[in-house]
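In what follows, a structure is listed as structure tokens, so that the remarks can point back to it.
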Amino acid sequence: MKTAKKFIVATIIVGSLCATSLAFAGSCSVTINFPDGSARKGIKVSGLTAGLAGTMLSNVYTDSNGQVTLNWGNSGSLETVFVDGEDQHTRCTNGSSVSFVIKP
């Protein structure tokens, strides 16, 4: 019985450590609007993390307010933000936000 309890406690601790390592190290808020200022819903947004081993982030889509948050696992910043697959040549550091006006 003691062995089973130790195993359960060890499993919980290891699971907690793994979950902690999956936490995001960086985030950037992105807002996309039409030229008239109205929100652009459903626009594909991604990013590329900075550094030699830059990582392309998974695509996410803007909500009804034209907003989305990009999250990444390493420290640092996004080298660039992509909107509908096009490089916007804009860096985004952790905790900051960027906005774009994109024509239809």
Side-chain angles (χ1 to χ4, degrees):
M1 188 66 161
K2 286 184 178 182
T3 303
K5 285 182 182 177
K6 287 180 182 177
F7 175 76
I8 292 170
V9 170
T11 302
I12 291 170
I13 291 171
V14 170
S16 296
L17 291 174
C18 289
T20 302
S21 68
L22 295 175
F24 298 117
S27 68
C28 173
S29 297
V30 179
T31 302
I32 301 176
N33 294 310
F34 285 106
D36 70 0
S38 61
R40 298 242 10 221
K41 178 184 176 185
I43 302 298
K44 179 175 66 174
V45 181
S46 186
L48 177 67
T49 59
L52 293 175
T55 301
M56 190 69 176
L57 304 180
S58 296
N59 295 328
V60 290
Y61 295 84
T62 56
D63 63 15
S64 60
N65 296 314
Q67 299 175 335
V68 69
T69 300
L70 297 173
N71 297 299
W72 60 94
N74 62 350
S75 59
S77 62
L78 292 181
E79 183 68 30
T80 192
V81 175
F82 294 89
V83 175
D84 272 345
E86 293 190 29
D87 186 346
Q88 299 301 307
H89 305 286
T90 301
R91 291 182 64 99
C92 193
T93 58
N94 181 28
S96 65
S97 61
V98 294
S99 53
F100 303 100
V101 174
I102 306 292
K103 295 179 183 177

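For the residue pair Ala39 and Ser64, the shortest heavy atom distance occurs at CB-O, 3.5 Å. A pairwise comparison of heavy atoms in Gly85 and Lys44 identifies N-CE, 4.0 Å as the closest pair. The heavy-atom pair separating Ser46 from Leu70 by the smallest distance is O-CD1, 3.7 Å. In plain terms, the two heavy atoms of Pro104 and Pro35 that are nearest each other are CD-CD, 4.4 Å. Nearest heavy-atom pair, Phe82 versus Leu48, reported as atom, atom and distance to 0.1 Å: CE1-CB, 4.0 Å.
Partner Thr62 forms a side chain to side chain contact (heavy atoms under 4.5 Å, CB included) with one of Asn33, Ile32, Val83 and no other, that one being Ile32. Among Asn94, Leu57, Val98, Thr90, the one residue that satisfies the side chain to side chain contact (heavy atoms under 4.5 Å, CB included) test with Leu78 is Leu57.
By the 4.5 Å heavy-atom criterion applied to side chains, Gln67 and Ser29 are not counted as neighbours.
Rounded to the nearest 0.5 Å, atoms OG1 (Thr31) and CD1 (Ile43) are 12.5 Å apart. Between Arg40 atom CZ and Phe100 atom CZ the span is 13.0 Å, to the nearest 0.5 Å.
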Item checked: Test log, rule side-chain contact (heavy atoms from CB on, under 4.5 Å), inputs Gln88 and Ile102 -> CA-CA 10 Å; Gln88 299 301 307; Ile102 306 292; 4.0 Å; yes

